[in-house]
Amino acid sequence: MSKVFIAFQDNEESRPVIEAILADNPEAVAVQSPGLVKIDAPGRLVVRRETIEEIVGRPFDLQQIQVNLVTLSGRVDEDDDEFSLSWLN
């Protein structure tokens, strides 16, 4: 199965997003480098607005993740509630 990944700047704004991704994707693995957190997942990875909102305790616009997004790998599918990465097999 092909892996997808997403990487964020390692800062206060990204930490709740990273926490939400790891909570919603049990097979995902975060790898920290200086100034960067890369999250790998087999097949599919999803970022859910609802989970981020639960962590930050306020409304969250998923478009905000792009401010700290460094790179990604996978086919992007997004709407107001989810941002997902996958590969068509």
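As the structure is a computational prediction, the values presented were derived from the model and not from experiment.
Leu85 has its side chain out of reach of Trp87: every pair of non-hydrogen atoms, C-beta onward, lies at least 4.5 Å apart. In this structure, the side chains of Pro16 and Phe60 stay at 4.5 Å or more apart for every pair of heavy atoms. In this structure, Ile39 and Phe5 have side chains that are not in contact, with every pair of non-hydrogen atoms separated by 4.5 Å or more. For the pair Asp77/Ser84, a side-chain contact is recorded, criterion being any heavy-atom separation below 4.5 Å from C-beta on.
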Anything under 3.5 Å between a donor and an acceptor, one on a side chain of residues 42-51, the other on a protein residue two or more places apart or in another chain? List them.
from	atom 1	to	atom 2	distance (Å)
Arg48	NE	Glu82	OE2	3.2
Arg49	NE	Asp80	O	3.4
Arg49	NE	Asp81	OD1	3.0
Arg49	NH1	Glu53	OE1	2.7
Arg49	NH1	Glu53	OE2	3.1
Arg49	NH2	Asp81	OD1	2.6
Thr51	OG1	Asp24	OD1	3.2
Thr51	OG1	Asp24	OD2	2.7

Could you pull out every donor-acceptor pair under 3.5 Å between side chains of residues 6-14 and any protein atom, sequence neighbours left out?
from	atom 1	to	atom 2	distance (Å)
Gln9	OE1	Asn11	ND2	3.4
Asp10	OD1	Arg15	NE	3.4
Asp10	OD1	Arg15	NH2	3.2
Asp10	OD2	Gln32	NE2	3.1
Asn11	OD1	Glu13	N	3.1
Asn11	OD1	Ser14	N	2.9
Asn11	OD1	Ser14	OG	3.1
Asn11	ND2	Asn68	OD1	2.8
Glu12	OE2	Arg15	NH1	2.4
Glu13	OE1	Asn68	ND2	2.9
Ser14	OG	Gln9	O	2.9

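Residue Val70 shares its hydrophobic cluster (ILVMFWY side chains chained together at separations under 4.5 Å) with Leu36.
For the pair Val37 and Ala30, the tightest heavy-atom approach, listed with the atom from each and the gap, is CG1-CB, 4.2 Å. Phe83 and Val76 make their closest contact through CE1-CG1, 3.7 Å (heavy atoms, listed as atom of the first residue, atom of the second, distance).
One hydrophobic cluster, built from ILVMFWY side chains closer than 4.5 Å, cannot hold both Val17 and Val31; they sit in different ones. Neither Ile18 nor Ile55 shares a network with the other; the hydrophobic side chains, linked directly or stepwise wherever heavy atoms of I, L, V, M, F, W or Y lie under 4.5 Å apart, form separate groups for each. A chain of hydrophobic side-chain contacts below 4.5 Å, direct or via other Ile, Leu, Val, Met, Phe, Trp or Tyr residues, connects Leu22 to Leu72.
Atom CD in Gln63 sits 11.5 Å away from atom CG in Leu69 (nearest 0.5 Å).
A search for salt bridge (charged side-chain N to carboxylate O under 4.0 Å, His left out) contacts involving Lys38 returns Asp40, not counting sequence neighbours.
Pairs engaging residues 59-76 under the salt bridge (Lys or Arg N to Asp or Glu O under 4.0 Å) rule: none recorded [sequence neighbours left out].
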